Amino acid sequence: MNRGFQMNYFVYILINNIVPICIMIAIGVTMYRAFRIDIRTLSKLNFYVFSPALVFVKLYESEMSLSILMQVLLFFAIFFSLLFAIIEVIIRIQKMQRGMRIAMRNSVIFYNSANYALPLNQTVFGGNAYTLAIQIVIMIMQTLIPNTYGIYTLNAHKASWKATLKTILSLPVIYAIPIALLLRYYHVPVPSSIHIPLNYIANAFMATALLTLGVQLGAMKWEFHFSNVLLSNMLRLAIGPLLGFFVVWMLGIEGLTAKALVLSCAVPTSLSSVLLAIEYENEAEFSSQAVFTSTLFSMFTIPIVIYLLDFM
């Protein structure tokens with residue numbers, strides 16, 4: 001990959017990922033400063049309306065074989081377990097308090113596998129349907145885990161396991177995943193009167209999530225968690241892809257599959273970590289700063305990862 005090609009990726013990521021995201025966040029900040037918008041209402045719209053619609057539409061419209069699914073799930077299970085273990089060691093060495101431990105962990109293990117990773121995947125691999133299917137599997141897992149494990153960790157000390165389970169089961173996304181898969185695999189058509197509004201809502205997810213982040217940033221006192229934010233960014237943007245390279249090598253995965261899997265590990269922190277932090281009132285400022293800074297820094301780290309993919 002020559003220097004001009006690298007620069008093209010840098011410019012693409014800047015113009016098509018970073019600038020639009022920053023504009024939406026800035027609108028959210030401005031709206032909060034002007035109207036003091038209720039952030040909890042925005043959070044509930046994301047959890048109960050926009051997120052489940054996005055998951056349903058993406059799953060229903062995707063195409064993937066069972067062999068791809070099993071290989072990607074094996075990779076994800078090993079990658080996620082190793083990343084989780086690394087984070088646990090670090091946060092215990094740092095002797096973080098419980099709330100910050102959860103927020104730090106979420107900022108690293110939950111990454112933007114949908115609105116950032118999907119267009120990035122299609123740009124890097126030229127619209128390849130095979131690599132898109134791989135990324136969609138990762139997106140499914142990265143949607144399911146925050147809405148189960150993520151909510152459990154935030155509620156475990158506040159309520160009984162029954163109350164926590166009730167909270168998890170109240171989320172529509174838990175039902176959107178199996179329903180979408182069943183309908184797709186049995187080729188059951190969704191009536192246009194239902195599919196059209198679902199598409200409208202799914203398309204609104206990114207805008208609403210970024211506006212929510214902007215409102216949160218606008219409401220913050222900006223007591224910057226400098227060391228913790230940088231630690232989160234390093235783990236997400238540097239250790240994440242390096243661990244991805246290691247796992248595909250360990251499993252003997254090669255070619256487009258390996259490249260797509262490694263690229264999926266390199267994206268910035270997911271908005272899910274912010275939405276969870278806001279909804280359950282746990283280190284919302286740190287989580288917002290981690291998402292914002294990792295998205296900005298990713299325009300430097302992603303081109304490096306793309307360059308290294310050529311050596312696989």
Side-chain angles (χ1 to χ4, degrees), residues 24-25 27-28 31-32 35-62 102-103 106-107 110-116 118 136 139-156 158-184 190-191 193-219 269-284 287-288 291:
M24 292 301 299
I25 291 172
I27 292 172
M31 292 295 288
Y32 177 80
F35 304 110
R36 292 296 187 268
I37 294 174
D38 180 16
I39 194 168
R40 298 300 297 275
T41 299
L42 286 173
S43 175
K44 291 191 182 302
L45 282 170
N46 277 292
F47 268 101
Y48 292 96
V49 181
F50 297 109
S51 180
L54 175 72
V55 170
F56 180 89
V57 170
K58 292 294 184 183
L59 282 179
Y60 183 75
E61 295 178 351
S62 69
I102 294 172
N106 289 353
S107 74
F110 302 151
Y111 43 94
N112 197 338
S113 59
N115 295 295
Y116 193 114
L118 286 174
I136 287 174
M139 184 197 74
I140 295 169
M141 299 308 297
Q142 277 292 324
T143 301
L144 183 61
I145 294 176
N147 286 284
T148 51
Y149 166 79
I151 292 175
Y152 171 77
T153 57
L154 287 166
N155 280 276
K158 300 178 183 178
S160 66
W161 69 269
K162 289 184 178 179
T164 301
L165 181 61
K166 185 178 179 181
T167 299
I168 293 172
L169 293 177
S170 70
L171 297 172
V173 72
I174 300 299
Y175 307 101
I177 292 171
I179 291 172
L181 290 174
L182 286 172
L183 292 178
R184 187 170 64 79
V190 176
S193 58
I194 296 175
H195 197 257
I196 290 172
L198 280 176
N199 268 304
Y200 288 158
I201 297 170
N203 291 337
F205 169 80
M206 185 60 167
T208 310
L210 288 174
L211 288 172
T212 302
L213 175 57
V215 170
Q216 172 61 25
L217 291 173
T269 302
S270 171
L271 288 165
S272 296
S273 63
V274 175
L275 299 177
L276 284 169
I278 294 170
E279 182 69 15
Y280 299 100
E281 300 178 353
N282 183 76
E283 300 291 348
S287 299
S288 299
V291 170

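Just so it is clear, the structure is predicted and the values come from calculations on it, not from any experiment.
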When every non-hydrogen atom of S113 is compared with those of Q142, the smallest separation belongs to OG-CB, 3.1 Å
Side chain to side chain contact (heavy atoms under 4.5 Å, CB included) involving P191 - partner list, sequence neighbours excluded = S193, I194
Kindly list each side-chain donor-acceptor pair under 3.5 angstrom involving residues 199-209, sequence neighbours excluded, with atom names and distances?
from	atom 1	to	atom 2	distance (Å)
N199	ND2	H195	O	3.2
N199	ND2	H195	ND1	3.0
N203	ND2	N199	O	3.1
T208	OG1	A204	O	2.8

Residues in side-chain hydrogen bond (donor to acceptor under 3.5 Å, both in side chains) with S107, at least two apart?
-> S232
Distance-only check: which donor-acceptor pairs under 3.5 Å involve side-chain atoms of residues 45-56, not counting sequence neighbours?
from	atom 1	to	atom 2	distance (Å)
N46	ND2	L42	O	3.0
N46	ND2	T212	OG1	3.0

Residue pairs involving residues 41-51 (criterion salt bridge (Lys or Arg N to Asp or Glu O under 4.0 Å); sequence neighbours excluded) = K44-E279
With S170 via side-chain hydrogen bond (donor to acceptor under 3.5 Å, both in side chains) - residues at least two apart = none
For residues S273 and V291, determine if any side-chain heavy atom of one lies less than 4.5 Å from a side-chain heavy atom of the other.
-> yes
